[in-house]
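When a residue number appears, it is its place in the shown sequence, counting from 1.
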Amino acid sequence: MTTIYLIRHGQASFGAESYDKLSANGELQAQILGQYFKKILKEEPYVVSGSMQRHQQTTNIALAECFPNAHVHTNSAWNEFNHQQVFAQYEPRFNEPHLLKEDVSKESNPRAYLAKIFESAIGRWTGGEFHHEYDESWPVFKLRVETALQNLCDELAKTQPRYAVVFTSGGVISVAAGKLLELSPNKTFALNWAIANASMTTLRLVGNEPQLLSLNEHHFIKAENSQLLTWI
């Protein structure tokens with residue numbers, strides 16, 4: 001029976017010109033993740049990574065700590081939705097990422113403020129009225145993720161490795177979990193907001209059908225240094 005670990009990338013560069021790069025903190029998170037894998041995985045896993053830079057960096061740093069020779073199957077179907085476009089379609093000035101960061105930094109409770117914007121922007125994206133305004137609409141993104149998950153499960157059912165590890169993003173993991181739990185879009189993205197950087201969500205494969213075992217495990221980071229925990 002195969003166990004699948006869905007991994008959110010380490011902390012990226014919020015508010016920078018390019019979000020798609022790990023911060024120094026994100027690199028440490030990926031390193032701790034790899035050290036934890038070295039303890040819990042008894043053999044080399046089947047490894048998949050999204051094609052985004054933050055996915056690839058997290059993959060390489062983590063595997064260097066545990067399975068440096070593992071082959072990585074890169075698959076853009078596991079890439080995140082364009083969150084910057086989702087923010088910008090909600091508020092055009094957020095097309096400049098540093099302006100969003102500036103607004104957030106002025107707030108007494110930055111996380112709560114960003115959560116409010118995130119909820120509104122996601123609501124617009126998933127609501128149905130504005131699908132034509134996005135390069136990738138919510139239904140298309142949802143179908144992409146669900147198809148990627150099923151294709152992976154079909155492949156693993158044939159090859160039957162003991163473990164599979166997928167390096168991806170919070171939105172992708174939320175959609176996968178939301179599919180298994182039959183959640184609404186609002187509840188799906190409530191999960192997205194809670195998923196920590198470099199956390200793992202665990203699935204068990206029964207035949208070619210995935211079952212959710214755990215969600216958003218990040219105790220291994222907290223045990224190492226609770227100050228390293230991030231969600232943005």
**Student:** Working to the nearest 0.5 angstrom, can you tell me the gap between L22 CG and I61 CD1?
**Tutor:**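 One gets 5.5 Å once the value is rounded to the nearest 0.5 Å.
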**Student:** Only counting residues at least two apart or in another chain, list the ones meeting side-chain hydrogen bond (donor to acceptor under 3.5 Å, both in side chains) with D135.
**Tutor:**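 For D135, the residues satisfying side-chain hydrogen bond (donor to acceptor under 3.5 Å, both in side chains) (neighbours in sequence not counted) are Q85.
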**Student:** Please check: side-chain N/O of S169 versus main-chain N/O of V172, any donor-acceptor pairing under 3.5 Å?
**Tutor:**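 Side chain of S169 to backbone of V172: no pair is present.
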**Student:** Among pairs that include at least one residue of residues 47-57, which meet salt bridge (charged side-chain N to carboxylate O under 4.0 Å, His left out), considering only residues two or more places apart or in two chains?
**Tutor:**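 Found D20-R54.
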**Student:** Measuring from L181:CG to L215:CG, what's the distance to the nearest 0.5 Å?
**Tutor:** 7.5 Å
**Student:** For the residue pair I195 and G170, what are the closest heavy atoms and their distance?
**Tutor:** CD1-O, 3.9 Å
**Student:** State which residues pass side chain to side chain contact (heavy atoms under 4.5 Å, CB included) with T126; sequence neighbours excluded, sorted by chain then number.
**Tutor:** I122, W138, P185, F189
**Student:** Distance from K179 atom NZ to L183 atom CG, nearest 0.5 Å?
**Tutor:** 11.5 Å
**Student:** Rounded to the nearest 0.5 Å, how far apart are OG of S23 and NZ of K21?
**Tutor:**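 Here the rounded value is 10.5 Å.
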**Student:** Taking salt bridge (charged side-chain N to carboxylate O under 4.0 Å, His left out) as the cut-off, I'd like each qualifying pair that reaches into residues 122-132, sequence neighbours left out, listed once.
**Tutor:** R124-E133
**Student:** Under the criterion side chain to side chain contact (heavy atoms under 4.5 Å, CB included), which of W125, Y90, F87 is the partner of S120?
**Tutor:** Y90
**Student:** Quick one: does Q31's side chain get under 4.5 Å of E65's, heavy atoms only?
**Tutor:**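 Result yes, sub-4.5 Å side-chain heavy-atom pair found.
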**Student:** Under a 3.5 Å distance rule, please check whether S226 uses its side chain to pair with a backbone N or O of K222 as donor and acceptor.
**Tutor:**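 Such a contact is absent between S226 side chain and K222 backbone.
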**Student:** Which residues pass the side-chain hydrogen bond (donor to acceptor under 3.5 Å, both in side chains) test with Y46, sequence neighbours left out?
**Tutor:**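 With sequence neighbours excluded, Y46 shows a side-chain hydrogen bond (donor to acceptor under 3.5 Å, both in side chains) to no residue whatsoever.
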**Student:** Under a 4.5 Å cut-off applied to non-hydrogen side-chain atoms, are K116 and L114 in contact?
**Tutor:**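 No; the side chains remain at least 4.5 Å from each other.
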**Student:** Of all the heavy-atom pairs spanning G171 and F81, show the shortest one and how long it is.
**Tutor:**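 Minimum heavy-atom contact is CA-CE2, 4.1 Å.
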**Student:** Residues in side-chain hydrogen bond (donor to acceptor under 3.5 Å, both in side chains) with S174, at least two apart?
**Tutor:**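 Partners of S174 by the side-chain hydrogen bond (donor to acceptor under 3.5 Å, both in side chains) criterion come out as none, since no residue qualifies.
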**Student:** Measuring from Q29:CD to N225:CG, what's the distance to the nearest 0.5 Å?
**Tutor:**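 With rounding to 0.5 Å, CD (Q29) is 10.0 Å from CG (N225).
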**Student:** Can you list, by chain and residue number, the hydrophobic cluster partners of L213 when the side-chain cut-off is 4.5 Å?
**Tutor:**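 Direct or chained contacts put L213 with none.
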**Student:** Taking side chain to side chain donor-acceptor pair (under 3.5 Å) as the criterion, tell me which of Q56, H55, H9, Q57 meets it with S49.
**Tutor:**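 Only one option passes, and that is Q56.
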**Student:** Closest heavy-atom contact between P161 and L156?
**Tutor:**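 Minimum heavy-atom separation between P161 and L156: CG-CD2, 3.6 Å.
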**Student:** In the single-linkage hydrophobic clustering (I, L, V, M, F, W, Y; side-chain heavy atoms under 4.5 Å), do F94 and Y134 co-cluster?
**Tutor:**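 Same cluster: F94 reaches Y134 through Ile, Leu, Val, Met, Phe, Trp or Tyr contacts under 4.5 Å.
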**Student:** With a 4.5 Å cut-off on side-chain heavy atoms, are E209 and C153 touching?
**Tutor:**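 They are not in contact (no side-chain heavy atoms under 4.5 Å apart), so the answer is no.
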**Student:** Would you check if the side chain of N109 reaches a backbone N or O of A112 as a donor-acceptor pair within less than 3.5 Å?
**Tutor:** yes
**Student:** Q150: what forms a side-chain hydrogen bond (donor to acceptor under 3.5 Å, both in side chains) with it, not counting sequence neighbours?
**Tutor:**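 Once residues adjacent in sequence are excluded, the partners of Q150 under the side-chain hydrogen bond (donor to acceptor under 3.5 Å, both in side chains) criterion are D154.
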**Student:** Considering only Ile, Leu, Val, Met, Phe, Trp and Tyr, and joining two whenever side-chain heavy atoms are under 4.5 Å apart, list the other residues clustered with I32.
**Tutor:**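 Hydrophobic cluster check, I32: joined to Y5, I7, L28, L33, Y36, F37, I40, L41, V47, L63, F67, V72, Y163, V165, F167, M200, F220, I221, L228, L229, W231.
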**Student:** Linking I/L/V/M/F/W/Y whenever any side-chain heavy atoms sit under 4.5 Å apart, do V206 and L6 land together?
**Tutor:**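 No, because V206 and L6 fall into different hydrophobic clusters, even though each may have its own neighbours under 4.5 Å.
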**Student:** Starting from V175, can I reach M52 by hopping between I/L/V/M/F/W/Y residues whose side chains sit under 4.5 Å apart?
**Tutor:** no
**Student:** Got a sec, which pairs hit side chain to side chain donor-acceptor pair (under 3.5 Å) with one end in residues 194-207, sequence neighbours left out?
**Tutor:** N197-T230, S199-N216, T202-S214, T202-E217, R204-Q211
**Student:** Where do R8 and I173 come nearest, in terms of heavy atoms and distance?
**Tutor:** N-CD1, 3.5 Å
**Student:** List the atom pairs, donor and acceptor, that lie under 3.5 Å between side-chain atoms in residues 140-149 and the rest of the protein, sequence neighbours left out.
**Tutor:**
{"from": "K142", "atom 1": "NZ", "to": "E146", "atom 2": "OE2", "distance (Å)": "2.7"}
{"from": "R144", "atom 1": "NE", "to": "E136", "atom 2": "OE2", "distance (Å)": "2.7"}
{"from": "R144", "atom 1": "NH1", "to": "A77", "atom 2": "O", "distance (Å)": "2.8"}
{"from": "R144", "atom 1": "NH1", "to": "N79", "atom 2": "O", "distance (Å)": "2.8"}
{"from": "R144", "atom 1": "NH2", "to": "N79", "atom 2": "O", "distance (Å)": "3.2"}
{"from": "R144", "atom 1": "NH2", "to": "E136", "atom 2": "OE1", "distance (Å)": "2.9"}
{"from": "R144", "atom 1": "NH2", "to": "E136", "atom 2": "OE2", "distance (Å)": "3.4"}
{"from": "T147", "atom 1": "OG1", "to": "L143", "atom 2": "O", "distance (Å)": "2.7"}

**Student:** Any idea which heavy atoms bring L205 and A157 closest together, and the distance?
**Tutor:** CD2-N, 3.9 Å
**Student:** Please enumerate all residues that pass ring pair (Phe, Tyr, Trp, His ring centres under 6.0 Å) together with H71, with sequence neighbours excluded.
**Tutor:** H73
**Student:** Distance from H132 atom NE2 to S137 atom OG, nearest 0.5 Å?
**Tutor:**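 If we round to the nearest 0.5 Å, H132:NE2 and S137:OG are 11.5 Å apart.
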**Student:** For T2 and A164, work out which heavy atoms get closest and say how close.
**Tutor:**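 Shortest heavy-atom contact: CG2-N, 4.2 Å.
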